[in-house]
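Just follow the structure's listing: the first ligand is 1, and inside any ligand the first atom is 1. The figures that follow rest on heavy atoms only: side chains count, while hydrogens, waters and symmetry mates do not. Along the sequence shown, the residues carry numbers beginning at 1.
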Amino acid sequence: MQTMECIRERRSVRDYKPDPIPEEIVKEIIEAATHAPSSGNVQDWEFIIIRNLETKTKIAAAAWEQDFIARAPVVLVVCSDLDRISAAYGTRGETLYSIQNTSAAIQNLLLAAWEKEVGSCWVGAFNESTLRDILVLPTNIRPLAIITLGYPAEVSKKPKRRDIKEVLHMERWG
Ligand SMILES: Cc1cc2nc3c(=O)[nH]c(=O)nc-3n(C[C@H](O)[C@H](O)[C@H](O)COP(=O)(O)O)c2cc1C
């Protein structure tokens with residue numbers, strides 16, 4: 001699949017077939033994430049793979065009852081190691097680059113998954129402290145996103161995008 005086609009066609013998938021995703025496919029998808037750019041190449045990202053139904057059910061509850069999370073064959077939690085990023089970039093690293101670096105990794109991950117016909121959804125709405133407790137995270141590891149993975153049972157229509165004319169500014173804002 002060509003890059004632009006993958007970018008244009010990818011969409012969030014919340015309805016999955018129960019078929020398991022082979023471990024090597026999950027690892028290839030995560031490997032794609034690790035090729036993302038990061039501030040000073042610090043690569044503060046960490047990935048937790050969850051397949052256990054009990055843990056996925058707890059995570060779905062921590063994500064304000066977004067039950068589709070428990071039905072995804074694989075759930076990834078993408079974290080930033082705040083010690084690693086702040087050692088390089090202090091407060092700006094901890095509060096901004098950690099989010100930018102992991103977001104770049106996540107976008108790679110979503111596109112790599114789509115290319116492999118694996119559906120995914122980026123979930124940002126969750127109770128961070130509950131998720132920390134479920135995954136027994138040390139204080140320096142901040143969970144920034146939950147990503148569901150599964151072969152699509154159904155793919156919904158692509159939500160409309162703002163037209164480029166609406167978002168583009170030439171040279172300056174006003
Ligand atoms: C930071 C972020 C947080 C999101 N959080 C959620 C979420 O909690 N639950 C959900 O179902 N989708 C979530 N999404 C997915 C968006 O709803 C989705 O990307 C958007 O509607 C566009 O649809 P598309 O991904 O199919 O193009 C999130 C996406 C991003 C980037």
Side-chain angles (χ1 to χ4, degrees), residues 1-18 21 26 29-30 32-39 44-51 53 55-82 85 93-135 137 141-168:
M1 191 185 286
Q2 293 294 311
T3 307
M4 279 307 286
E5 183 192 353
C6 192
I7 289 170
R8 286 201 183 102
E9 296 300 317
R10 181 215 56 83
R11 62 209 56 182
S12 294
V13 176
R14 300 178 180 85
D15 196 1
Y16 313 101
K17 291 181 183 156
I21 308 174
V26 175
I29 290 170
I30 294 173
T34 68
H35 288 280
S38 63
S39 49
D44 50 301
W45 42 62
E46 303 283 338
F47 305 89
I48 302 172
I49 302 175
I50 300 123
R51 291 181 186 268
L53 180 59
T55 311
K56 288 189 295 187
T57 304
K58 285 184 191 161
I59 293 174
W64 317 116
E65 315 294 345
Q66 297 191 70
D67 294 336
F68 71 92
I69 296 171
R71 292 192 294 271
V74 174
V75 171
L76 303 178
V77 174
V78 182
C79 305
S80 167
D81 181 341
L82 300 183
I85 194 71
E94 190 167 332
T95 59
L96 179 64
Y97 297 164
S98 65
I99 294 167
Q100 293 182 333
N101 294 344
T102 47
S103 295
I106 292 166
Q107 184 63 14
N108 270 15
L109 203 151
L110 303 186
L111 291 173
W114 187 256
E115 196 233 26
K116 292 177 186 307
E117 299 180 356
V118 174
S120 65
C121 187
W122 181 333
V123 175
F126 56 86
N127 182 312
E128 197 170 314
S129 107
T130 310
L131 187 61
R132 283 183 166 286
D133 290 346
I134 295 166
L135 299 173
L137 298 179
I141 302 298
R142 183 174 186 201
L144 288 165
I146 298 166
I147 308 294
T148 55
L149 296 176
Y151 292 106
E154 199 184 295
V155 178
S156 50
K157 253 183 72 194
K158 190 174 178 77
K160 217 173 147 5
R161 289 320 201 240
R162 294 170 68 196
D163 192 273
I164 185 169
K165 287 199 285 295
E166 198 190 326
V167 297
L168 191 63

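- Distance check for atom 20 (C) of ligand 1: every protein heavy atom is found at 4.0 Å or beyond.
- For atom 12 (N) of ligand 1, the closest non-hydrogen atom of the protein is Arg14 NH2, 3.2 Å.
- Here the heavy atom of the protein found nearest to atom 23 (O) of ligand 1 is Pro159 CG, 3.4 Å.
- With hydrogens left out, the protein atom closest to atom 27 (O) of ligand 1 is Arg161 NH2, 2.7 Å, a heavy atom.
- Taking all atoms of both residues into account, the shortest heavy-atom contact from Asn108 to His35 is ND2-C, 3.7 Å.
- Under a 4.0 angstrom heavy-atom cut-off, Phe68 registers as being in contact with ligand 1.
- Only the side chain of Cys121 comes within contact range of ligand 1, with a heavy atom under 4.0 Å; no backbone atom does.
- For the pair Ser80/Ile85, a side-chain contact is recorded, criterion being any heavy-atom separation below 4.5 Å from C-beta on.
- In this structure, CG on Asn101 lies 11.5 Å from CG on Asp81, to the nearest 0.5 angstrom.
- Given atom 9 (N) of ligand 1, the protein heavy atom at minimum distance is Gln66 OE1, 2.7 Å.
- Near Arg11, with a cut-off below 4.0 Å to any heavy atom, the atoms of ligand 1 are 26 (O).
- No side-chain donor from either of Thr102 and Asp44 sits under 3.5 Å from a side-chain acceptor of the other.
- Rounded to the nearest 0.5 angstrom, Trp64 CH2 and Phe126 CZ are separated by 10.5 Å.
- Between Leu137 and Ile48 the shortest side-chain heavy-atom distance falls below 4.5 Å.
- In terms of protein heavy-atom proximity, atom 25 (O) of ligand 1 is closest to Ser12 OG, 2.6 Å.
- The shortest contact between atom 14 (N) of ligand 1 and any protein heavy atom is with Trp122 O, 2.8 Å.
- Looking from atom 3 (C) of ligand 1 to the surrounding protein, the closest heavy atom is Gly124 N, 3.6 Å.
- The two residues Ala153 and Tyr16 come nearest to each other via the heavy atoms CB-C, 3.7 Å.
- Counting atoms of ligand 1 from 1 in the listed order, those under 4.0 Å from a heavy atom of Ala125 are 8 (O).
- Residues Lys158 and Arg161 come closest through the heavy atom pair NZ-NH2, 4.1 Å.
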